[in-house]
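Every number for a ligand or one of its atoms is a count from 1 in the order of the listing.
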Amino acid sequence: MNLEAVETELVSLVKDLDDETSVKLFEKLPKGKRLRSKLILKIAPQSKEAVKLSAIIELIHAASLLHDDVIDDALTRRGAPSLNALFGNKTSIMLGDILYSKAFYELVSMGEEIAKRVSNAVTLLSIGEMMDVELSKRFNPDFDLYFDMIYKKTASLIEASAASAAVIANKNPENYGLYGKNLGIAFQIVDDILDIVSDEKTLGKPALNDYKEGKTTLPYIYLYNDMTEEEKQKLVSYHGKELNVDESKWIKEMFEKYDSVQKSHNFAKKLGLEALKSIESDDRGGDLTAIMKNLIERSY
Ligand code: FPP
Ligand code: MG
């Protein structure tokens with residue numbers, strides 16, 4: 001079973017809705033990396049149930065991004081206009097609700113254990129998003145708050161995907177869940193790094209956008225904690241606002257001076273190795289190791 005089977009299942013689930021508008025809007029959504037599906041299919045290969053689970057998780061993920069783009073006022077997603085930019089917030093929220101409810105309708109037939117793991121992750125996802133919004137209101141210098149937020153916002157659904165795939169494949173869900181959790185946190189850290197080191201063309205959104213949105217991500221937290229009092233004040237004064245060329249340049253120079261991006265990347269790598277520890281005896285083909293390595297080294 002492969003990713004193509006997941007795409008076919010996704011189209012079929014959305015067609016089931018018997019609503020042409022939903023089908024047309026869904027077709028306009030970018031497909032993304034399908035990281036969660038890749039993970040599920042590696043943990044539970046050769047299984048129709050894994051394809052169904054992957055499609056359910058991708059529906060939930062797509063719904064969460066539709067809502068997130070409204071919450072973040074994001075005009076682009078993967079380099080193209082976001083659905084809210086094209087059709088407005090109301091359409092995005094409603095399509096999110098439709099995809100999310102369809103996913104839950106399908107989830108009930110996956111068995112109680114999987115249904116509980118996935119629905120619990122969606123609660124965490126929503127709590128994480130709320131924390132992100134709250135934390136973005138002021139500069140956050142606290143590592144633990146950041147890690148807790150990205151665990152909930154991003155890693156919880158990856159954790160539930162990996163653990164549920166393990167349930168399907170009769171493997172140990174706790175070990176795979178831990179792999180997914182660490183992978184998810186590392187994934188979000190790399191995402192946060194790319195916002196700083198990539199150019200606008202690669203990112204499909206303006207660089208240093210996170211800080212403008214008020215998000216104090218790991219490199220900024222490392223930076224702040226290493227800075228002089230005077231530098232700290234200046235950094236905080238740039239938080240949550242449109243940066244001019246000189247301000248962006250100063251922030252980038254500070255990142256160089258204190259090696260904050262490298263420190264963050266090293267942390268992501270450490271988590272990656274941690275993640276591999278929980279499944280390495282099982283990963284004979286090396287597929288899950290490869291997913292982790294690609295994720296840590298990715299540049300998009
Ligand atoms: C992207 O974060 C957002 C998420 C990973 C989760 C969003 C979750 C919700 C809106 C709550 C759940 C809602 C439903 C309907 C399931 P980001 O803004 O840091 O990343 P980005 O740069 O990709 O936008
Ligand atoms: Mg966003």
Can a side-chain donor-acceptor contact be found between Y211 and E247 if the only test is distance below 3.5 angstrom?
no
The single option from E9, E106, E58 that satisfies salt bridge (Lys or Arg N to Asp or Glu O under 4.0 Å) with K52 is E106
What about F87 and I93, same hydrophobic cluster or not, with Ile/Leu/Val/Met/Phe/Trp/Tyr joined at side-chain heavy-atom distances under 4.5 Å?
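Hydrophobic grouping puts F87 apart from I93.
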For K215 and ligand 1, answer yes if some heavy atom of the residue is under 4.0 Å from a ligand atom, otherwise no.
yes
So if I count the atoms of ligand 1 from 1 in the order they appear, which ones are less than 4.0 Å from some heavy atom of [X]?
X    : value
H67  : 10 (C), 15 (C)
S126 : 11 (C), 12 (C)
R77  : 21 (P), 23 (O), 24 (O)

Would you mind finding which of Q188, K153, E213 brings a heavy atom closest to atom 4 (C) of ligand 1?
K153
Between [X] and [Y] (salt bridge meaning N to carboxylate O under 4.0 Å), is one present in this structure?
X    : Y    : value
K293 : E297 : no
E113 : K116 : no
R77  : D68  : yes

N182: side chain to side chain donor-acceptor pair (under 3.5 Å) partners, not counting sequence neighbours
none
Looking at D132, D192, T216, which hits side chain to side chain donor-acceptor pair (under 3.5 Å) with Y146?
D192
Proximal protein heteroatoms (N, O or S) of the Mg ion (ligand 2), under 2.8 Å:
D68 OD2, D72 OD2
